[in-house]
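One structure is given here, and the rest of the page talks about it.
Both counts, for ligands and for their atoms, begin at 1 and track the order of listing. The first residue of the sequence shown is numbered 1, and numbering continues consecutively from there. Side chains included, hydrogens not; waters and symmetry mates left out as well; all remaining heavy atoms used.
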Amino acid sequence: ANTLAPSVRLNNGLEMPVIGLGTYLANEGECERAVRDAIDAGYRHIDTAYLYGNEKEVGNAIRSKIDEGAIRREDVFIVTKLWNTFHRPDQVEKAFQKSFENLNLTYIDLYLIHFPLAYKQVHKDGSDRTPQSVDDVNLFPNVNGRPVYDDIDYVDTWRAMEGLLQTGNVRSIGVSNFDIPQMERLLSQVTITPVTNQVECHPNHNQLPLIKYCNDRNITVTAYSPLGRPYLAKNNLAINDPKVQAIAAAHNKTPAQVVLRYSYQNGAIVIPKSTKQQRIKENFNILDFSLTPEEMNVMNSFNNE
Ligand SMILES: NC(=O)C1=CN([C@@H]2O[C@H](COP(=O)(O)OP(=O)(O)OC[C@H]3O[C@@H](n4cnc5c(N)ncnc54)[C@H](OP(=O)(O)O)[C@@H]3O)[C@@H](O)[C@H]2O)C=CC1
Ligand SMILES: O=C1CO[C@H](CO)[C@@H](O)[C@@H]1O
């Protein structure tokens, strides 16, 4: 059997594995196999979202692994997210229910507010009709390419998220893409503290102040785009840099592993996405080495804030 990643204890007492599989752009036909490969490689945490359109495939993969006897439901941590068009408090349960049905997994471990901003809810057919179901909603309402926002306070959305815990269908709730002032405002007004804040986090955007802010309050930070999305070909991306290649060579690791290890050593949970079996394994294999303080300093130099 594969070695599993350790878990962190969340502020509600539940445990969340420190490495998860990302699934944004894990498309139809490849997502299910990638999730199965990840379970085989030792991953016990999968990150999806209603937005990604692959919740059914994620659920199918997990159920097939449960049916095979490879895992039990309680061995895996499944995360999905509330999209921006469903922030109205009376829409939150409906949107959750849709994700819950798509995943079809007895319960969901963690449900996140995907962004601290709301989009207006309009029908995807372009008419003025009120959408009758979640799948009727245009996920990117826009006028001439500009998003159409709705004036809904994320504090009100959060209170509806709190209500979901009563159903027993979701065990933890959290947020995503919240900055420190937004966290501060949320925490000052609500009773249940988010278990995590999932944010963009990699050497070029290392989020050290946010990690400290959250960890001081017993909130984990989940690092999304932890490789820095190499396909966007940004300048100065750590994963492509000779200094990172040298650090990797010194540890007999790959640049991707060094980049993931860096955010992990900074205290973040990492959720790299890959649909390639070899990379899925590679990205998981970051727990058997550590970066020295000098190497961490080199990695810190990529931060561009
Ligand atoms: N809450 C939010 O708003 C957001 C959440 N997320 C979540 O975080 C996850 C990860 O972030 P994501 O944006 O996908 O970006 P990542 O930083 O994880 O990069 C993924 C890209 O890197 C490639 N890749 C994977 N492994 C390696 C490797 N070892 N070496 C070189 N290239 C590699 C993948 O290609 P290939 O698949 O071909 O291997 C893919 O193109 C998402 O999938 C999603 O679940 C992401 C963005 C926003
Ligand atoms: O989760 C996500 C995946 O990436 C998308 C495109 O950048 C984001 O909009 C979204 O937050």
Side-chain angles (χ1 to χ4, degrees), residues 17 19-35 37-38 41 43 45-55 57-58 77-85 99 103 109-119 139-142 147 154 173-179 182 194 196-207 210 220-234 237-241 244-245 248 253-264 268-286 302:
I19 305 174
L21 180 76
T23 65
Y24 176 59
L25 300 181
N27 296 321
E28 210 168 334
E30 57 176 11
C31 178
E32 192 167 328
R33 189 197 37 73
V35 172
D37 285 348
Y43 290 71
H45 167 179
I46 311 292
D47 182 80
T48 181
Y50 178 74
L51 176 73
Y52 306 164
N54 57 17
E55 290 172 315
E57 287 203 45
V58 169
F77 195 94
I78 306 296
V79 184
T80 193
K81 313 186 190 91
L82 175 79
W83 185 240
N84 308 347
T85 47
S99 289
L103 281 155
D109 293 276
L110 174 58
Y111 196 47
L112 304 179
I113 296 184
H114 205 143
F115 278 94
L117 56 86
Y119 289 164
L139 301 182
F140 291 97
N142 71 91
Y154 54 76
I173 52 175
V175 296
S176 178
N177 295 297
F178 278 52
D179 63 16
Q182 288 162 335
T196 203
N197 183 11
Q198 182 180 122
V199 293
E200 180 179 352
C201 178
H202 48 80
N204 297 73
H205 190 44
N206 68 22
Q207 298 279 20
L210 183 70
T220 61
V221 168
T222 305
Y224 80 61
S225 305
L227 299 166
R229 290 193 167 170
Y231 61 92
L232 292 181
K234 287 168 289 231
L237 195 64
I239 194 174
N240 299 324
D241 192 278
V244 178
Q245 279 158 14
K253 289 283 171 183
T254 64
Q257 289 169 329
V258 169
V259 163
L260 294 171
R261 177 77 203 183
Y262 170 72
S263 292
Y264 173 67
I269 294 160
V270 291
I271 52 168
K273 176 266 176 183
S274 182
T275 45
K276 299 194 166 71
Q277 189 185 41
Q278 207 45 48
R279 285 176 169 176
I280 289 170
K281 288 185 188 164
E282 175 185 339
N283 297 341
F284 192 71
N285 196 2
I286 61 165
F302 289 97

**OP:** Indicate yes or no for a side-chain donor-acceptor contact from Ser176 to the backbone of His114 under 3.5 Å, with no hydrogens or angles considered.
**Re:** yes
Subject >> Residue, atom name and distance, where the atom is the protein heavy atom closest to atom 20 (C) of ligand 1 >> reply: Lys273 O, 3.5 Å
Original post:
Taking the side chain from Gln207 and the backbone from Val199, do they hold a donor-acceptor pair closer than 3.5 Å?
Top reply: no
Subject >> Polar side chain donor-acceptor pair, Glu55 to Ser99, under 3.5 angstrom >> reply: yes
Original post:
Nearest to atom 45 (O) of ligand 1, what protein heavy atom do you find, and at what distance?
Top reply: Asp47 OD2, 2.6 Å
Original post:
Atoms of ligand 1 less than 4.0 Å from Gln198 heavy atoms?
Top reply: 1 (N), 2 (C), 4 (C), 5 (C), 6 (N), 7 (C)
**OP:** Quick one: look up the protein heavy atom nearest atom 17 (O) of ligand 1 and list residue, atom name and how far away it is.
**Re:** Leu227 N, 2.9 Å
**OP:** Determine, using ring centers only, whether Phe178 and Tyr154 are less than 6.0 Å apart.
**Re:** yes
Original post:
Is the closest heavy atom of Tyr224 to ligand 2 under 4.0 Å?
Top reply: no
Original post:
Is there a donor-acceptor pair closer than 3.5 Å between any side-chain N or O of Asn84 and the backbone N or O of Ala118?
Top reply: no
**OP:** Just let me know how Asn283 lines up against ligand 1, side chain, backbone, both or neither, with a heavy-atom cut-off below 4.0 Å.
**Re:** side chain
Original post:
So, the side chain of Ser225 versus the backbone of Gly228: is there a donor-acceptor pair under 3.5 Å, distance only?
Top reply: no
Original post:
Should you measure from each heavy atom of His114, which atoms of ligand 1 turn up under 4.0 Å away?
Top reply: 1 (N), 2 (C), 3 (O)
Original post:
What part of His114, side chain from CB on, backbone N/CA/C/O, both or neither, has a heavy atom under 4.0 Å from ligand 2?
Top reply: side chain
Original post:
What residue and heavy atom of the protein are closest to atom 2 (C) of ligand 1, and at what distance?
Top reply: Tyr224 CE2, 3.2 Å
Original post:
At what distance is the nearest protein heavy atom to atom 43 (O) of ligand 1, and which residue and atom is it?
Top reply: Tyr24 N, 2.8 Å
Original post:
With sequence neighbours excluded, what pairs up with His45 under the ring pair (Phe, Tyr, Trp, His ring centres under 6.0 Å) test?
Top reply: Phe77
**OP:** Would you check if the side chain of Glu57 reaches a backbone N or O of Asn54 as a donor-acceptor pair within less than 3.5 Å?
**Re:** no
Original post:
Counting distance only, does the side-chain N/O of Asn204 pair as donor-acceptor with the main-chain N or O of Ala238 below 3.5 Å?
Top reply: yes
Original post:
With backbone taken as N, CA, C and O and side chain as the heavy atoms from C-beta onward, which portion of Leu112 lies under 4.0 Å from ligand 1: side chain, backbone, both, or neither?
Top reply: neither
Original post:
Is a side-chain N or O of Tyr224 found less than 3.5 angstrom from the main chain of Pro272, in a donor-acceptor match?
Top reply: no
**OP:** Indicate, with yes or no, if the rings of Phe140 and Trp83 have centres closer together than 6.0 Å.
**Re:** yes
**OP:** Among all protein heavy atoms, pick the one closest to atom 32 (N) of ligand 1 and tell me residue, atom and distance.
**Re:** Arg279 CZ, 3.4 Å
Original post:
Do the side chain of Ser274 and the main chain of Lys276 share a donor and acceptor less than 3.5 angstrom apart?
Top reply: yes
Subject >> Contact check: Arg229 vs ligand 1, nitrogen or oxygen atoms, below 3.5 angstrom >> reply: yes
Original post:
Got the closest protein heavy atom to atom 9 (C) of ligand 1, with its distance?
Top reply: Ile271 O, 3.3 Å
Subject >> Any donor-acceptor N/O pair, Lys253 side chain to Asn285 backbone, under 3.5 Å >> reply: yes
Subject >> Donor-acceptor under 3.5 Å (Asn283 side chain, Arg279 main chain) >> reply: yes
Original post:
Under 4.0 Å from ligand 1, counting heavy atoms only, is it the side chain of Ala256, its backbone, both or neither?
Top reply: side chain
**OP:** Would you mind checking which non-hydrogen protein atom is closest to atom 1 (O) of ligand 2, with the distance to 0.1 Å?
**Re:** Tyr52 OH, 2.5 Å
**OP:** Report yes if some N/O of Gly228 lies less than 3.5 Å from some N/O of ligand 1; otherwise report no.
**Re:** yes
**OP:** Give the residue and atom name of whichever protein heavy atom lies nearest to atom 16 (P) of ligand 1, and the separation in Å to one decimal.
**Re:** Ser225 CA, 3.8 Å
**OP:** Under 4.0 Å from a heavy atom of Thr275: give me the atoms of ligand 1 that qualify, with their elements.
**Re:** 37 (O)
Subject >> From Pro272, Pro226, Ala26, Pro230 - option closest to atom 19 (O) of ligand 1 by heavy atom >> reply: Pro230
Original post:
Considering only the protein, which heavy-atom contact is closest to atom 4 (O) of ligand 2, and what is its distance?
Top reply: Arg229 NH2, 2.8 Å
Original post:
Considering only heavy atoms, does Ser274 approach ligand 1 within less than 4.0 Å through its side chain, its backbone, both, or neither?
Top reply: both
**OP:** Decide whether an N or O pair under 3.5 Å exists between Tyr231 and ligand 1.
**Re:** no
Subject >> For Glu282, the ligand 1 atoms whose distance to one of its heavy atoms is below 4.0 Å >> reply: 29 (N)
Subject >> Under-4.0 Å salt bridge between Asp47 and Lys81 >> reply: yes
Original post:
Which residue and non-hydrogen atom of the protein lie closest to atom 6 (C) of ligand 2, and at what distance in Å?
Top reply: Tyr24 OH, 3.3 Å
